[in-house]
Every structure is written in C-alpha cells, then in structure tokens.
Asks: 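Questions regarding the structure given below will be posed in turn.
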Amino acid sequence: MNHTAIKSILTGDGTEHSQTVCGWIRTKRESKNVIFIELNDGTSLNTLQIVIDKDAQIISDEMNHRLLTGASVKAVGLVKPCQGASQSVELQAQSIDIIGEAPTDYPLQKKRHTFEFLREIPHLRIRTNTFGAVARVRNTLAQSIHDFFQQRGFLWIHTPIITGNDAEGAGSMFQVTTLNMDAPPRSGSGQIDYNQDFFGKKSLLTVSGQLQVENFACGMGHVYTFGPTFRAENSNTARHLSEYWMVEPEMAFCNLDGNRELAELFIKHLLSTVLNTCQEDMDFFDKWISNGLIDSLQKVLSSPFVHLPYTDAISELEKSGEDFEYKPVWGSDLQAEHERFLTEKVVKGPVAVTDYPKDIKAFYMKQNDDNKTVRAMDILVPRLGEIIGGSQREDNFDKLKARMQEMNMDMDEYQWYLDLRRYGTIPHSGFGLGFDRLVQYVTGMQNIRDVIPFPRTPKSMIL
RNA sequence: UCCCCUGUAGCUCAGUCGGUAGAGCGGGUGGCUGUUAACCACUAGGUCGGCAGUUCGAGUCUGUCCGGGGGAGCCA
C-alpha cells in the first residue's frame, strides 16, 4: 500500500498537497457537519487529524459507526494548515477505507491506562503513546551504541547464547536441554547423564559474553558484544529482567584509566544522540513520565565524570553523618542508598568509583599491589546509581590462577581463559552496561518491564 | 526469597459498622457544536480473582491458593 509516514506530513512545510496515510484510529470526535479522527501510525508520537466533511458524503452512517478507536484505516486527502489550535496541519479527507475494524471490546481507550494493565497486553500496548515512544528511543539507543563503537574501530563480536561456562558465577542460570525431563538418563551413581544431552555436556544460557569476548580482544584489539543475556535469579524488582540485553566492550592494551575514559565518552555519546534525535519523545517523557528528566540528562552530559577510589568513597560516606539504613563499612559493597548519596549529594554528578575490595568483586579483576583491592570501576549517575560496572582484567597468569583456586573454581573449565594469560598476555579492560536499564534511565520509566517489548520475569512470560 | 499493599463493569476507580452493586470513561440512542481527554440527556453492561470457613446474611471478616504492584536482597 503506497502511503506516506505521518511523521513526514507533520514535519512538512504545510503547503497544500495530496497524500495517502495508513494507521490506527486513536480517537474520533464528531460534530454536526464534520468528523475528526486522530490517526497514529507509529512513526511519530503525534497523531494526524483527519477531517471528514459530512456534506461531502465520503462515508455512510453505517461506516461512520465502524470508525472506532483501534480500527486501522487508509485515508486519502489534502494536507492543509489546521484550523484548530492543537495541530499545525490536518488531512482533509477525500476518501476513507477501513482496513481492519476494532470491535467495542478493544481494550485500549483514549484515556490513561495503568502500566500494570498494559503489561497484560504486550501485543497491543505498543499502540499507546508511551510504548511507541519507548520503542523509538530504544531503537535510537541501540543504533547509537553501534555507531559509537564502529566509529572507533571496535568489532561487534557475536558471543554465544548457549554456553557451557558459568561466567563469573553471576547467579543462577537457565539450563538448555533436549533430555526427556520426565525420565532423564542417569549414570550408575544416579546422576543425570549429560553425555546423552544435545551437546554431550550440561549447557546453559549465557549470563555474560565477557569471558568469551576477552578472547577476541586478545587477538583483535577493540571489540564489543551486544546481545541478549539470561539470569534465572528470583528477582522481583523494577530493575530486573530474566532476559535482557547487555553491552560489553573489551579493549586490548588498555588499563582502568582508559576504561573509565571510554565509559564517559560512551555515556555522553548515547545521551547526546537521544536528546538530539528523539526530541519529541523525550519531551513526552519529561512532561508525563518524569519531570526534569531532560535537565538531569543534560547535566550528566555537561559534567566531567569525577574519579573517586572506593576507600575515599567510604570515608566520604562515614563523615557525611547521613543516617543510612546500612552503615558504610570498608570491605562491604556499596548499597544502592550509598551509591545514590555519592553521586547525588557528595559529587553532585556522575562519578567513577574504583579500586574495590577484592573479596566483593569477581575473580578476573586485576589485583592491586596493596593486595586488598582490585581494579574495578562502577560508574554512578544521579537518579539511578550504578549504570556501568567494569574492570581491568587480571593479566598475570600466576595471580589469576591463585585467585581462582582461592575461590574454589573448577580449573578444568577455565583452561582456555588461563591460556589468554599463558600465551602473549596483555593488559586489557572492559565494562558492562545493562541496555534495558539504560533505556529506563533515559526515558525515566519506573519499571524495566515497560522498556522491553516482551518482558520475562519470574512467574511471568506473556506471549 | 523476605516484608508490605492490592484484585469490584471493556478501562480507571468508589463501595462507611457485615444488610444484597455505584461513578467517570468506552459502547448504543437522541441533542448540540471546526472538535482537541469535546459537551448534554437517556440507556445497556457485574460468577465483586478461585476455593473453603464464620454468620440469619459476606464485595466487606478469617484461612488458603492464584495473579498484580511497591520495598529489600541478588544483580545489569
């Protein structure tokens, strides 16, 4: 069907000309002589007002009754300056065709719905203002992630979804199997015999592409992963999904300082891209979802990212006199309330906290000479807290091996990882960014389930 | 996983002390009007999440199960 995007009509110069548009009816208002239809086709947050002059006999009474909210229609007519106050242009209809009717039990009405209700109809919620805006911003962010890395010569590496490795021990994993779950084959000792499973071993869905992408960094230089990730944690919060998308760059010949610099450039690139290319949608979020949103993003954009070692951060928290629910103690991880306090009250802007105690961080992080801390970094931003977590990786074979043994890891499973340090080891660093949390942060949406098309959470997988 | 809140019309919600179901929007009919969440009048629409219990009587109280939300933990 040859038709024009509503977005291009709304942003046109307003000179009178003929156009064909296709979309879904958001609402209809009727007067004695004229019918107004607000049509949306997803290309823009805004609707195009279709004006139907009753005297022109374009539609019958019977057809008028079928022009209900939710119906899909094709309209041909003249684009003209609008006589009303709310729009710049409108379409004076010459013909209207109903493509698909929407009976009166169409669940979406023109008034506000709760996000909880819309979560139950993920296939239809995309036809609302908010979810359309989220989808467009999400798309822009994904594209700008690729742009950022591609401009800098990073290779996009497709790390596997199915893995045999429990990367960094980051919580429970989903198992992938073709074994008969009613009667799995068992070995003599009664254990499930994974030799008979599809891959001949126990296999799982990835919780991170980092360990595999490190292989590519140690051979290709600058690389990144961007893909789906899975966690079987029983987390029921507004910030957790069981299936989510993650971005993980990894750089060869790069220490923690370089890592921090890249993270700052990265965040600023993403924010400026969205603010520049999604103005309409961002204005919508600022007005209806989170007041002051744009201002808060612009502040991050214009602020230098302050570097604050963990030990100094703890001192700042201790001397603040703030009554925290959890007392800050050297050796314990920063609580969400501590992170927010550091970025919102102490630094009053984005901050990179580095060099955390080694016992609260993953085995692969590079050990500092003090033997107490590792070269880890978390980037914290106001309103959210942690947005990026990363580290310089341990590149010393002996130190890494010792740390892995100390943590009782299965050494046989990680010989390939140790090989990177055995043969031509290099300093390298990287970080991870939860893509959906980024979308949440940028849009101001309260619940992460509303920034991914089809959310998967414990006990919930609609569609 | 723990704590708290919640489930009533297609949607958003009200429902007092336990006494037998209400509003707005959406739909229908009529009126009015280049309207902007249009407006006015009338009208249709209900297994009050499921099961069990207390009671003469349960939307309301109790138990339990299921769903949803918020906070915490785990984390991205």
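The model shown is predicted, which means the values in this text are computed figures rather than measured ones. All chains are named by letter (A, B, ...) in the order of the sequence lines, taking the proteins before the strands, and each is independently numbered beginning at 1.
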Asks: What's the gap between B:rA9 and B:rG46 when it is taken at their C1' atoms, as a whole Å value?
Replies: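 These two C1' atoms come out 6 Å apart once rounded.
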Asks: Does a side-chain N or O from A:Arg26 land closer than 4.0 Å to OP1 or OP2 of B:rU36, or not?
Replies: no
Asks: For RNA chain B, what residues of residues 235-243 of chain A have any heavy atom nearer than 4.0 Å?
Replies: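 A:Ser235, A:Asn236, A:Thr237, A:Arg239, A:His240, A:Leu241 - these, ordered by number, are the residues of the stretch whose heavy atoms sit under 4.0 Å from the strand.
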Asks: Using a 4.0 Å heavy-atom cut-off, does A:Glu90 contact any base of the nucleic acid, only the sugar-phosphate backbone, or nothing at all?
Replies: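 Contact class for A:Glu90: base.
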Asks: If the C1' atom of B:rU64 is compared with that of B:rC56, how far apart are they to the nearest Å?
Replies: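 That atom pair is separated by 26 Å.
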Asks: Rounded to the nearest Å, what distance is computed from the CD atom of residue A:Gln92 to the P atom of nucleotide B:rU35?
Replies: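 In whole Å, B:rU35 P lies 15 Å from A:Gln92 CD.
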Asks: The side chain of A:Thr114 lies closest to which of these nucleotides: B:rG34, B:rU29, B:rU12?
Replies: B:rU12
Asks: Choosing from B:rG28, B:rG69, B:rU1, which nucleotide comes nearest the side chain of A:Asn234?
Replies: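 Between B:rG28, B:rG69, B:rU1, the one nearest the side chain of A:Asn234 would be B:rU1.
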Asks: Report the distance from atom CG of A:Leu118 to atom C1' of B:rU12, rounded to the nearest whole Å.
Replies: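 Distance, rounded to whole Å: 12 Å.
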Asks: So, is A:Gln335 near the phosphate of B:rG73, with a side-chain N or O under 4.0 Å from OP1 or OP2?
Replies: yes
Asks: With sequence neighbours left out, write down each residue that passes ring-ring contact (aromatic ring centres under 6.0 Å, His included) with A:Tyr356, or none if nothing qualifies.
Replies: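 Expected list: A:Tyr310.
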Asks: I want to verify a distance call: between B:rG28, B:rG68, B:rU33, whose nearest atom is closest to the A:Ser460 side chain?
Replies: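 When the side chain of A:Ser460 is considered, B:rG68 is the closest of B:rG28, B:rG68, B:rU33.
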Asks: So does A:Asn447 get a side-chain nitrogen or oxygen closer than 4.0 Å to the phosphate oxygens (OP1/OP2) of B:rG70?
Replies: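 Yes, A:Asn447 has a side-chain N/O under 4.0 Å of OP1/OP2 on B:rG70.
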Asks: For a quick check, tell me whether the side chain of A:Glu30 and the base of B:rU35 share a donor-acceptor pair closer than 3.5 Å.
Replies: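 Counting by modelled atom types and ignoring angles, no donor-acceptor contact under 3.5 Å is found here.
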Asks: Distance check needed: B:rU36 C1' versus A:Leu48 CG, whole Å only.
Replies: 14 Å
Asks: Please determine whether a side-chain nitrogen or oxygen atom of A:Arg449 lies at a distance below 4.0 Å from atom OP1 or OP2 of B:rG69.
Replies: yes
Asks: Contact class for A:Thr27 vs. all strands (heavy atom < 4.0 Å): base, sugar-phosphate, or nothing?
Replies: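 Here A:Thr27 touches the backbone only, sparing every base.
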Asks: Searching all strands shown, indicate the nucleotide that pairs with B:rC39 (Watson-Crick or G-U wobble; both distances under 3.5 Å).
Replies: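 Base partner found: B:rG31.
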Asks: Does B:rG24 pair with anything, Watson-Crick or G-U wobble, both distances under 3.5 Å, and if so, with which nucleotide?
Replies: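 Its partner is B:rC11.
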Asks: Could you tell me which residues satisfy ring-ring contact (aromatic ring centres under 6.0 Å, His included) with A:His428, sequence neighbours excluded, listed by chain and number?
Replies: none
Asks: Consider ring-ring contact (aromatic ring centres under 6.0 Å, His included). Of A:Tyr224, A:Trp245, A:Phe226, which one does A:Phe435 pass it with?
Replies: A:Phe226
Asks: With a 3.5 Å limit on both atom pairs, tell me what B:rA52 is paired to, counting Watson-Crick and G-U wobble, or say none.
Replies: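 Pairing partner, where one exists within any strand: B:rU62.
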Asks: Across all strands shown, which nucleotide pairs with B:rC2 by Watson-Crick or G-U wobble geometry, both distances under 3.5 Å?
Replies: B:rG71
Asks: A:Phe266 and A:Phe149: aromatic ring centres closer than 6.0 Å?
Replies: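 Yes, they do, as the ring centres are separated by less than 6.0 Å.
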Asks: Just call it for A:Phe435: base, sugar-phosphate, or nothing, with non-hydrogen atoms closer than 4.0 Å on any strand.
Replies: nothing
